[in-house]
Amino acid sequence: MESIGTVWMWAGFSAVVLVMLAIDLFLVGGGKSHKVSVKEAGIWTVVWVSVAMLFAAVLWWYLDGTLGREAANARALEFVTGYLIEKALAVDNVFVWLMLFSFFAVPPELQKRVLLYGVLGAIVMRTGMIFAGAWLISQFHWVLYLFGAFLLITGIKMMWFAEHEQNLARNPLLRWLRSHMNIATEFHGERFFIHRQLNGRLVRFATPLFLALVLVEVSDVIFAVDSIPAIFAITTDPFIVLTSNIFAILGLRAMYFLLADFAGRFSLLKYGLAAVLMFIGGKMLLLDLVKIPVGLSLGVVALLIATSVVLSLRKDRLAAAAEGER
């Protein structure tokens, strides 16, 4: 697999990720359980985005000195484009988390621990999936066409079922867990398991927080399957693919708490995300016929997301105005 990543670049990136994870663990939301405020989440969201852009600047500076200006411009643009795509698609993941926490009635002060494990699990799973995907593409070029077709179909399905509400009570995995495990009906702080006396012996029970964690991790896998092929339409360099993915994931906890109180105002965002998947899928299917510049891809993705956000806010204002006239 061809990559710009050297041993020192991989080591530096790993060090940055470990530091950011430590900060996220010990500083974001504090060490004790409490509800993360919108202001706190907003500040940390700005911090994570700034760190990602700083990494892009450092990457450009390093490549400019080693590979030349043209390579530096191309790789930095690929990183920023990949980061934006992954960040945008992660919003849908956030909405699913909101639905899961609402279904299990998880108190806000207990959500951050589940999200921490969700982010850690996503990092591990995506790392493996990215290297596997990069290896497959390096061996079999036609895999890109499979990725493209998959993304196009996924985008169409997302567009078609945008208004469809999932019935978690019928979720097969959740039903299986409830039929094969002892499940407590109440929360016990941040604990995933408790022990109780049952028929004269000590029996382990899973708390509702554990069920929420399992479904969060499963949602991470599902969204990774959707989002990872999308970035291969921008670049097949494992270093760019992985770094842009991980930086997009690291700020997910803060972004979740930022959007938690405003999710209802972005009712049309799903259509924008579906359009992004359809565009990326079409780009991959046409990659040997039409070369769409990375800069143009960045502009199209940004335009689709921005348009869906603006239209969502406009729809929300019109609905509020109509409600006020009644």
Side-chain angles (χ1 to χ4, degrees), residues 1-29 31 44-87 89-90 93 115-139 143 217 220-221 223-225 227-255 294 298:
M1 295 180 287
E2 293 186 5
S3 175
I4 61 169
T6 64
V7 173
W8 289 108
M9 290 173 69
W10 283 110
F13 167 67
S14 301
V16 171
V17 170
L18 290 176
V19 170
M20 291 177 69
L21 283 174
I23 292 173
D24 196 28
L25 176 61
F26 296 109
L27 293 182
V28 179
W44 281 109
T45 297
V46 171
V47 169
W48 297 133
V49 173
S50 299
V51 170
M53 292 303 101
L54 178 61
F55 180 85
V58 172
L59 178 66
W60 179 91
W61 172 80
Y62 176 78
L63 294 178
D64 185 49
T66 55
L67 300 181
R69 181 64 53 89
E70 184 178 351
N73 290 341
R75 295 299 178 264
L77 185 60
E78 289 173 357
F79 173 86
V80 173
T81 304
Y83 176 79
L84 176 62
I85 291 174
E86 296 301 322
K87 203 70 170 175
L89 295 178
N93 206 350
L115 294 179
L116 173 63
Y117 284 106
V119 169
L120 292 176
I123 290 175
V124 173
M125 288 184 291
R126 289 186 182 226
T127 299
M129 293 171 70
I130 285 171
F131 280 112
W135 180 83
L136 281 174
I137 291 171
S138 69
Q139 301 297 313
V143 170
E217 295 288 3
D220 285 341
V221 175
F223 282 102
V225 171
S227 64
I228 289 177
I231 197 172
F232 280 117
I234 305 302
T235 178
T236 56
D237 187 317
F239 185 81
I240 301 296
V241 174
L242 183 62
T243 53
S244 57
N245 244 276
I246 300 304
F247 273 108
I249 292 171
L250 283 173
L252 269 187
R253 278 213 307 166
M255 189 169 72
V294 176
L298 175 61

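Atoms considered below: every heavy atom in the structure, side chains included; atoms not considered: hydrogens, waters and symmetry mates.
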TODO: With sequence neighbours left out, write down each residue that passes side-chain hydrogen bond (donor to acceptor under 3.5 Å, both in side chains) with Thr45, or none if nothing qualifies.
DONE: none

TODO: Output all residues satisfying side-chain hydrogen bond (donor to acceptor under 3.5 Å, both in side chains) with Arg126, sequence neighbours left out; order by chain, then residue number.
DONE: Glu86, Ser227, Asn245

Report the distance from atom [atom1] of [X] to atom [atom2] of [Y], rounding to the nearest 0.5 Å.
X	Y	atom1	atom2	value
Ile130	Ser244	CD1	OG	7.0 Å
Lys87	Ile249	NZ	CD1	9.5 Å
Leu18	Ile23	CG	CD1	11.0 Å
Ile123	Ile246	CD1	CD1	5.0 Å
Met125	Ile228	CE	CD1	9.0 Å

Task: Nearest heavy-atom neighbours spanning Ile4 and Leu63 - done: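 So the minimum-distance heavy-atom pair works out to CD1-CD1, 3.8 Å.
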
Task: Distance-minimising heavy-atom pair for Asp220 and Gly118 - done: OD2-O, 2.7 Å

Table please: side-chain donor-acceptor pairs of residues 72-82 below 3.5 Å, with sequence neighbours left out.
| unit_1 | atom_1 | unit_2 | atom_2 | d |
| --- | --- | --- | --- | --- |
| Asn73 | OD1 | Trp60 | NE1 | 2.6 |
| Asn73 | ND2 | Arg69 | O | 3.4 |
| Arg75 | NH1 | Glu78 | OE2 | 3.3 |
| Glu78 | OE1 | Thr235 | OG1 | 3.3 |
| Thr81 | OG1 | Leu77 | O | 2.8 |

Open item on the list: Using a 6.0 Å cut-off, check whether atom CD of Glu70 has over 12 heavy atoms from anything other than its own residue.
Closed with: no

Open item on the list: Applying side chain to side chain donor-acceptor pair (under 3.5 Å) as the test, list every pair that has at least one member in residues 8-18; sequence neighbours left out.
Closed with: none

Considering residues at least two apart in sequence or located in another chain, which fulfil the side chain to side chain contact (heavy atoms under 4.5 Å, CB included) criterion with [X]?
X	value
Leu116	Leu25, Leu120, Arg253
Ser50	Val46
Ile137	Val143, Leu144, Phe147, Phe232, Thr236
Val16	Met20, Phe247

If you define the side chain from C-beta out and look only at heavy atoms, does anything of [X] sit under 4.5 Å from [Y]?
X	Y	answer
Tyr62	Met9	yes
Ile234	Tyr83	no
Leu115	Leu252	no
Phe13	Leu242	yes
Phe239	Leu59	yes

